[in-house]
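Both counts, for ligands and for their atoms, begin at 1 and track the order of listing. Nothing fancy with the numbering, it's 1 onward along the sequence.
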Amino acid sequence: MRAAVLHETGQDKLEVLDDVETAGFGPGKVKIRVRATGLCHSDISAMNGVLPQPAPFIPGHEGAGEILEVGDGVTHLTPGQRVLLCWLPACGTCPSCKRGQTQLCLAGFMNAGTPNFKRPGGDVFGFAGTGTFTEEVVVDAGCAVPIPDDVPFDIAALIGCGVTTGLGAAINTADVAAGSSVAVIGCGGVGISAIQGARLKGAAQIVAVDPVLSRREAALRFGATEAVSPDELGDAKQRLTAGEGFDYVFEVVGKSVTARTAYETTRRGGTLVVVGAGAMDDHLQLNMFELFFDEKRILPSMYGGGDVLTSYERAIALWRAGRIDLESLITHRVPLAEINEALDQMRTGSALRTCIEI
Ligand SMILES: [Zn+2]
Ligand SMILES: [Zn+2]
């Protein structure tokens, strides 16, 4: 079958090959025919080595499709069923799951070290244990989450990562208060979803911050009350909050330099929510005096900071009711053969989300 493969970490192009096979099908597993997959910034971060991932690998972790086959012991799924892919399935029995923090379950991460594809040349990994830039994928049954018939594959794919991450940061992690002021630094698909979450929660001011004009324009359509370039953020803080800082600032880039800006843009006693996925050698510096004296709450948010299955259902309910716009998040559509063009659109910031149709 066809799949887009990264041969070595650090390369910036994928090769679309037609000699890839799925591997590891058996008890507890399902085989899925992927129909749509979103391109998430984490895919690029895994390709360039910011996020750890063994190579060669097939990127993609935001996908949806149909069940082709179920392994022994899988009783809740049947062939033909429509599902989205969850890259962080909860095991239900580890300490994190028992505490109700299923988004911190590491059981699924163990899959990332087991190749779920092969080629004549050898084993191929799937990013984060999934790998959706392919026609078919074998994953743990827990990664396959049934979706209602009225949810198209492209919308379901986005709910599988970016939408859940951004909405959850505003709704679960920050629990944005009605009437509050919010700034969102980084307005790709996840940042826009955080903006939609802040709007749903009743924020009075939502300032979108991004260097790319088309993203700033998009942010205004999704509920931002103002959109500024990074150079203009200091002025916006002065003008809108009398210099005090915003009640909530979302860092959706994953770099220490933007996290530091976000910290400084948060008011004393306010909340900095860290959503971006950054590198292990990129250190955020805070001095002990400011940390204590300013009493700013620093809240990291992983995969929406809440139970992912609950977050999926909420996103579907909000989308169905017309309370969030997911269709307009998809600014580009390409076939798998044009995956490298899609990567370039993501790197230059011209795309909010690119849907790869398979
Ligand atoms: Zn993602
Ligand atoms: Zn668990």
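By the 4.5 Å heavy-atom criterion applied to side chains, Val207 and Leu240 are counted as neighbours.
Checked for salt-bridge contact, Arg119 and Asp19 meet the test: a charged N lies under 4.0 Å from a carboxylate O.
One N or O on the side chain of Asp43 and one on the backbone of Cys40 form a donor-acceptor pair closer than 3.5 Å. Side chain of Thr134 to main chain of Glu136: a donor-acceptor pair is present (N/O by atom type, distance under 3.5 Å, no hydrogens or angles).
Judged by the 6.0 Å distance and 45° axis criteria, Arg82 is positioned over the aromatic ring of Phe153. Both the sub-6.0 Å distance and the 45° axial angle are satisfied by Arg268 relative to the ring of Phe293.
Put simply, the residue from Lys201, Arg267, Lys237 that forms a salt bridge (charged side-chain N to carboxylate O under 4.0 Å, His left out) with Asp247 is Arg267.
Centred on the Zn ion (ligand 2), the SG atom of Cys94 and the SG atom of Cys91 lie at an angle of 110°, reported to 10°. Angle SG(Cys105) to the Zn ion (ligand 2) to SG(Cys97): 110° [nearest 10 degrees].
Near the Zn ion (ligand 1), less than 2.8 Å away, sit the protein N, O or S atoms Cys40 SG, His61 NE2, Cys161 SG.
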